[in-house]
Amino acid sequence: NAGVTQTPKFQVLKTGQSMTLQCAQDMNHEYMSWYRQDPGMGLRLIHYSVGAGITDQGEVPNGYNVSRSTTEDFPLRLLSAAPSQTSVYFCASRTQGTGGTEAFFGQGTRLTVV
Amino acid sequence: GQNIDQPTEMTATEGAIVQINCTYQTSGFNGLFWYQQHAGEAPTFLSYNVLDGLEEKGRFSSFLSRSKGYSYLLLKELQMKDSASYLCAVRAYSGGGADGLTFGKGTHLIIQP
């Protein structure tokens with residue numbers, strides 16, 4: 001069982017470039033989300049999705065787009081990379097609904113924008 | 001909005017007990033989670049509380065008081081491998097209906113021999 005898989009693990013971009021961070025889960029989870037983690041800031045929610053075809057913004061959505069065409073995949077697109085987007089990005093998934101359903105995290109993508 | 005506070009850093013001795021506190025302010029509360037994160041790795045789930053009281057899982061216990069907006073994570077018989085960041089996270093319903101997870105900034109726990 002692979003769980004949540006993120007690619008790539010490391011990436012260096014030049015300012016203004018675009019790229020897509022991939023996230024896939026094989027647990028049939030309805031809820032998927034993207035976080036960024038910066039020193040001293042903790043994990044902050046970028047975008048989330050409660051199911052295929054449904055997405056919404058989190059705390060820090062500017063500069064990022066998402067889509068959810070299938071239950072399994074939730075890619076995060078950087079439209080025009082900026083140095084402020086240098087961070088570690090985590091994708092997470094869980095079942096929707098009430099109860100103690102914990103989120104499972106991917107291993108992270110370490111992005112540097114120069 | 002939500003506000004979650006936890007100490008930035010704590011130091012404890014191998015074999016001892018340490019308590020990491022977390023206070024929060026939120027509406028639409030739907031549970032409190034604790035995650036462990038080793039340097040350079042992803043967060044991993046430790047515990048969940050939605051009702052008041054203590055939940056025990058081996059060497060780790062977590063407590064919740066909803067009326068006080070307060071939780072703590074208790075780690076017993078500390079081992080060197082427990083050196084990590086501990087993240088307090090609150091699940092709450094937003095206006096859109098989905099219950100998202102908001103994290104505190106994490107407590108960096110250092111275990112000394």
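Only a predicted model underlies this, so the values are computations on that prediction, with no experimental measurement involved. Every chain is numbered from 1, with letters handed out A, B, ... down the list of sequences.
Note on B/G40, B/G106, B/A89: by heavy-atom pairs under 4.5 Å with chain A, the leading option is B/G40. Note: A/A103 leads A/G58, A/G108, A/A103 in heavy-atom pairs under 4.5 Å with chain B. Chain B forms the most heavy-atom pairs under 4.5 Å with one residue out of A/R110, A/M41, A/E59, and that residue is A/R110.
A/Q25 places a side-chain N or O within donor-acceptor distance of the main-chain N or O of A/N28, the cut-off being under 3.5 Å.
For B/F60, there are no ring pair (Phe, Tyr, Trp, His ring centres under 6.0 Å) partners, not counting sequence neighbours.
Atoms SG and NE2, on A/C91 and A/H47 in that order, are 13.0 Å from each other to the nearest 0.5 Å.
If you measure heavy-atom distances from B/I4 to chain A, you find no contacts under 4.5 Å at all. With a 4.5 angstrom heavy-atom cutoff, A/Q37 touches chain B only via side-chain atoms. For chain B, no part of A/R44 is nearby; none of its heavy atoms comes within less than 4.5 Å.
Shortest non-hydrogen contact noted between B/I111 and B/M80 is O-CE, 3.3 Å.
A/F105 and B/Y35 have perpendicular rings, their planes meeting at more than 60° on a 0 to 90° scale where under 30° would count as parallel.
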